[in-house]
Asker: 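Below is the structure I would like to discuss, written out as structure tokens.
Nothing fancy with the numbering, it's 1 onward along the sequence. Given the structure is predicted, the values throughout are model-derived calculations rather than measurements.
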Amino acid sequence: MIDIGRELQVAINTGSVVIGFEETKRALLAGTPKLVIIAANAPKWAKDDIEYYAKLAGIPIFVFPGSSIELGAAAKRPHKIMALAVIDPGQSEILKLTEHA
């Protein structure tokens with residue numbers, strides 16, 4: 001199993017990651033993400049919205065096994081993160097999460 005926090009940091013530093021529900025939804029509408037990560041405690045309406053657009057675009061979703069606070073901490077951000085989209089993984093191996101999505 002890969003270290004999600006470490007790989008997320010590498011993706012943020014060397015690739016392109018969009019953070020936040022609205023930004024993730026916009027990226028899904030454009031079809032640019034390679035992977036979407038959503039917090040396990042995200043509200044049902046948000047999960048349903050993200051899953052709908054991801055399914056239309058054929059983009060895999062990974063449900064982060066922690067809360068939005070823990071996802072924010074994994075991304076080294078001082079706030080909650082409900083959803084994020086990996087546009088370019090950079091040098092990370094984060095796309096291996098799609099095998100578990």
Side-chain angles (χ1 to χ4, degrees):
M1 188 71 180
I2 67 170
D3 180 2
I4 299 169
R6 183 184 165 293
E7 294 302 329
L8 184 56
Q9 270 305 299
V10 174
I12 289 169
N13 293 332
T14 64
S16 176
V17 176
V18 174
I19 295 175
F21 173 75
E22 288 296 329
E23 290 79 6
T24 298
K25 194 165 123 179
R26 252 184 251 122
L28 282 168
L29 288 169
T32 55
K34 304 251 187 311
L35 171 69
V36 171
I37 299 175
I38 189 162
N41 71 334
K44 183 177 177 357
W45 62 265
K47 278 185 182 175
D48 291 347
D49 220 18
I50 295 282
E51 286 173 356
Y52 174 74
Y53 291 114
K55 188 173 184 176
L56 284 178
I59 296 166
I61 296 177
F62 177 78
V63 178
F64 184 76
S67 68
S68 54
I69 294 171
E70 293 168 328
L71 184 55
K76 302 269 192 267
R77 296 297 179 106
H79 51 82
K80 299 176 187 176
I81 297 176
M82 183 172 26
L84 59 86
V86 177
I87 307 298
D88 175 18
Q91 297 172 354
S92 77
E93 309 244 330
I94 199 155
L95 293 183
K96 287 188 177 178
L97 290 175
T98 59
E99 299 164 6
H100 305 289

Asker: Return the set of residues passing salt bridge (Lys or Arg N to Asp or Glu O under 4.0 Å) with Glu93 (not counting sequence neighbours), or none when no residue passes.
Answerer: Lys96
Asker: Are Tyr52 and Leu28 connected into the same hydrophobic cluster when the rule is that any two of I, L, V, M, F, W, Y join if their side-chain heavy atoms are below 4.5 Å apart?
Answerer: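 Leu28 and Tyr52: one cluster.
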Asker: What pair of heavy atoms forms the shortest contact from Phe64 to Leu71, and how long is it?
Answerer: CE2-N, 3.6 Å
Asker: Write out all pairs satisfying salt bridge (charged side-chain N to carboxylate O under 4.0 Å, His left out) with one or both partners inside residues 4-27, taking only residues at least two apart or from two chains.
Answerer: Lys25-Asp49
Asker: Which of these passes side chain to side chain contact (heavy atoms under 4.5 Å, CB included) with Leu97: Leu8, Val86, Ile37, Val63?
Answerer: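 When side chain to side chain contact (heavy atoms under 4.5 Å, CB included) is applied between Leu97 and each of Leu8, Val86, Ile37, Val63, only Ile37 qualifies.
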Asker: Given 3.5 Å as the limit, does a donor-acceptor pair link the side chain of Lys47 with the main chain of Ala40, or not?
Answerer: yes
Asker: I'd like to know if the side chain of Ser68 reaches the main chain of Ile81, judged simply by a donor and an acceptor atom lying under 3.5 Å from each other, with no hydrogens or angles considered.
Answerer: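 Here the side-chain-to-backbone pair does not exist.
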Asker: Can you measure from CE (Met82) to OG (Ser67) and round to the nearest 0.5 angstrom?
Answerer: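 Those atoms lie 13.0 Å apart.
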Asker: In Å and rounded to the nearest 0.5 Å, what is the CZ to CG distance from Phe62 to Leu35?
Answerer: 8.5 Å
Asker: Once side chain to side chain donor-acceptor pair (under 3.5 Å) is applied, do any residues pair with Asp88, and if so which ones, sequence neighbours excluded?
Answerer: none
Asker: What closest approach, in Å, do Gln9 and Ala74 show between heavy atoms, and which atom pair accounts for it?
Answerer: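 Shortest heavy-atom contact: NE2-O, 3.6 Å.
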Asker: Would you call Glu51 and Ile61 a side-chain contact if the rule is heavy atoms closer than 4.5 Å?
Answerer: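 Glu51 reaches Ile61 side chain to side chain.
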Asker: Could you list who else is in Val10's hydrophobic cluster, with ILVMFWY side chains joined at under 4.5 Å, directly or through other members?
Answerer: none
Asker: Can you tell me how far CG of Leu84 sits from CD1 of Ile38, rounded to the nearest 0.5 angstrom?
Answerer: 9.5 Å
Asker: Who else is in Ile87's hydrophobic cluster (ILVMFWY, side-chain heavy atoms under 4.5 Å, direct or via others)?
Answerer: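 Members other than Ile87 - counting any ILVMFWY side chain reachable under 4.5 Å - are Val18.
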Asker: Would you name the heavy atoms of Thr14 and Gln91 that are closest together and state the gap between them?
Answerer: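 Shortest heavy-atom separation between Thr14 and Gln91 comes out as OG1-N, 2.9 Å.
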Asker: Salt bridge (charged side-chain N to carboxylate O under 4.0 Å, His left out): which pairs involve residues 57-78, sequence neighbours left out?
Answerer: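 Of all non-adjacent pairs touching residues 57-78, none passes salt bridge (charged side-chain N to carboxylate O under 4.0 Å, His left out).
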Asker: Would you call Ile50 and Phe21 a side-chain contact if the rule is heavy atoms closer than 4.5 Å?
Answerer: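 Contact flag for Ile50/Phe21 side chains = yes.
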Asker: Locate the shortest heavy-atom distance separating Pro65 from Ile4; write the atom from each residue and the value.
Answerer: CD-CD1, 4.1 Å
